[in-house]
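Notes follow once the structure below has been shown.
Just follow the structure's listing: the first ligand is 1, and inside any ligand the first atom is 1. Computed from a predicted model, the values in this text were never measured in an experiment.
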Amino acid sequence: MTTSGSAGRVAIVGGGPAGLMAAEACRADGAQVDLYEAKGSVGRKFLLAGKGGLNLTHSDRPTQFVERYGARQAQVAPWLSAFDAEALRAWARELGIETFVGTSGRVFPTDLKAAPLLRRWVHRLRERGVRFHVHHYCTDIDGDRTLTFQTAAGSRSIGADAVVLALGGGSWPQLGSDGRWTAWLANRGISIAPLTPSNCGFDVGWSEHFATKYAGAPVKSVIVSDGTRRLQGEFVITADGIEGSAIYALSSTLRDTIENKGGVQIHLDLAPGRDLERLRTDLARPRKGRSLTEHLRRAAGIEGVKAALLYEVMPRDAMNAIESLVASIKALPLTLVRARPIEEAISTAGGVRFDAIDERSMLKALPGVFCAGEMIDWEAPTGGYLLTACMASGRLAGEGAAAWARQLIRP
Ligand SMILES: Cc1cc2nc3c(=O)[nH]c(=O)nc-3n(C[C@H](O)[C@H](O)[C@H](O)COP(=O)(O)OP(=O)(O)OC[C@H]3O[C@@H](n4cnc5c(N)ncnc54)[C@H](O)[C@@H]3O)c2cc1C
């Protein structure tokens, strides 16, 4: 397609943070860059992330940061060593977006919004010569890097010297990432781990009374334990179960255990500030004719949704015996029966397996085709780790594609 020595033409498919970063890196290396996006505009999930304040990255020490990628830390580490949290903050600053470190160590733009950042980013990319093609839904790619798109004007075939696929995972499909690429890439011989929900809620199966009264209620502060880890934070009661940051942080292990064993039990410490001994003393105080609910509130500070959780989960007679009551307040067992559907998850696990790509994220079975972002088989908790790895991998894939298009790295 290109003659040796020219800059070459790169097609980026997918306009999320990974694709946009790939376009930026690729253009900086001199390639002609066309970005194709299924929806009518780019960055829809990025904008949704802005509703939660846009947690761009985290202020963890680098060694701690990389541990958040769990079983994939060895593979994600090289992405981050080229573009880490500090680099991301510097990049945002260059766009005129200052960031700050919140109390939890999470990093946000000072205005807590995604739209101004995205607007400036897309504007800068256009100024630098990236061409955007929206309403282009990719349905296939062949071994010659010819892409097939569905467009309003019908089917279109587009060839390129190099391609970056940045098609996202499978959550919130209404925003564009529908995970259907798994089928056509698998048909091309690419090894793909099934997409599964990550940072997701779980079903418990509440009684109708509890669900009606408490759906939407935040449970805080609480310690959630999965038997291995204990995390202090908060979660929210939903109509069917639970969701929220303290649950998301444990969600990969909980999901995998449910998959292997059909269910998983977690334990809730509803009184993180009081130890067993203190609770025992507090609750042993005379009730003076007060109801148990009132006694729990006055003596132990357990009220509202926390008290309701005890009544929901514990047998009545256990509520009236002080030892079992104290034990349940400190370690209330809750059985999670299934993960919520992938469509509702914050992110997805699974995707293109690392053994299908090389160190530049190029598909071994499709030379010249690179992958980036959530479509690769890694996962991380919320906290800015998702966007950081998406952008870092986008950069790497963009640089790789530009080098390939210039025939710098072809065999
Ligand atoms: C509610 C919510 C809040 C979040 N908050 C945060 C947060 O605060 N911090 C954080 O780090 N992460 C957050 N995330 C996760 C983060 O948004 C994603 O991990 C990130 O957007 C993934 O980037 P990506 O570029 O890989 O994929 P995406 O952002 O999903 O982008 C992929 C793009 O590819 C397009 N596409 C898909 N298939 C095709 C196709 N066949 N043809 C053409 N185009 C296609 C899609 O339309 C989409 O524009 C949040 C996610 C959700 C759902």
Do R338's NZ or CZ and the ring of F202 fall within the cation-pi criteria of under 6.0 Å and 45°?
no
Quick check: E374 and ligand 1, any N/O pair under 3.5 Å apart?
yes
Side chains of Y311 and T293: any donor to acceptor distance under 3.5 Å?
yes
among protein heavy atoms, the one nearest atom 49 (O) of ligand 1 is E37 OE1, 2.6 Å
So W404 and F370, would you call those rings parallel, tilted or perpendicular, with 30° and 60° as cut-offs?
perpendicular
Between the side chains of E312 and S207, is a donor N or O closer than 3.5 angstrom to an acceptor N or O?
yes
So for ligand 1, is S171 a polar contact partner (N or O within less than 3.5 Å, distance only)?
no
Using distance alone, decide if ligand 1 has a nitrogen or oxygen within less than 3.5 Å of any nitrogen or oxygen in L56.
no
Please compare G14, A372, G394, G176 and report which has the shortest non-hydrogen distance to atom 38 (N) of ligand 1.
G176
Of all protein heavy atoms, the one nearest atom 31 (O) of ligand 1 is G16 CA, 3.3 Å
Contact check, P17 vs ligand 1, heavy-atom distance below 4.0 Å:
yes
Does a side chain donor of either T146 or S157 reach within less than 3.5 Å of an acceptor in the other side chain?
no
Polar contact flag for A38 and ligand 1 (N/O pairs, less than 3.5 Å)
yes
Aromatic plane relationship, Y385 with H58 - under 30° parallel, 30 to 60° tilted, over 60° perpendicular:
parallel
Near G15, which atoms of ligand 1 are under 4.0 Å from a heavy atom of that residue?
33 (C), 34 (O), 49 (O)
Between E374 and T348, do the side chains contain an N or O donor and an N or O acceptor separated by less than 3.5 Å?
yes
Test item, L175 contacting ligand 1 (heavy atom, 4.0 angstrom)
yes
Measuring from atom CG of D144 to atom CG of L147, what distance do you get when rounded to the nearest 0.5 angstrom?
11.0 Å
Does C390 reach ligand 1, in the sense of a heavy atom lying below 4.0 Å from it?
yes
Sub-6.0 Å ring centroid separation between F149 and Y137:
no
Distance to 0.1 Å, residue and atom name: give those for the protein heavy atom nearest to atom 25 (O) of ligand 1.
A18 N, 3.0 Å
Can you find a side-chain donor-acceptor pair between E24 and W121 that sits under 3.5 Å?
yes
Under 4.0 Å from any heavy atom of V13, which atoms of ligand 1 are there?
42 (N), 43 (C)
Got a salt bridge between D355 and K364, using NZ or NE/NH1/NH2 to carboxylate O under 4.0 Å?
no
Contact atoms of ligand 1, heavy-atom distance to A166 under 4.0 Å
32 (C), 33 (C), 34 (O)
Does one side chain, of T151 or R156, offer a donor that lies under 3.5 Å from an acceptor on the other?
no
Would L387 count as a polar contact of ligand 1, with the cut-off being nitrogen or oxygen pairs under 3.5 Å?
yes
For ligand 1, is there an atom lying under 4.0 Å from some heavy atom of V42?
no
Which atom pair, heavy atoms only, marks the closest approach of W172 to E344?
NE1-O, 3.7 Å
Answer with yes or no whether R44 contacts ligand 1, where contact means a heavy atom under 4.0 Å from a ligand atom.
no
Atom indices of ligand 1 within 4.0 angstrom of G384 heavy atoms, with elements
11 (O)
Taking only non-hydrogen atoms of H136 and a 4.0 Å limit, the atoms of ligand 1 in range are 42 (N), 43 (C)
Q232 and S221 side chains, donor-acceptor separation under 3.5 Å
yes
Any nitrogen or oxygen of K39, main chain or side chain, under 3.5 Å from a nitrogen or oxygen of ligand 1?
no
Just which atoms of ligand 1 are under 4.0 Å from any heavy atom in G373?
26 (O)
Under 4.0 Å to a heavy atom of S177 - the qualifying atoms of ligand 1, by number:
28 (P), 30 (O), 31 (O), 32 (C), 37 (C), 46 (C), 48 (C)
Please confirm whether W181 comes under 4.0 Å of ligand 1, counting heavy atoms of the residue only.
no
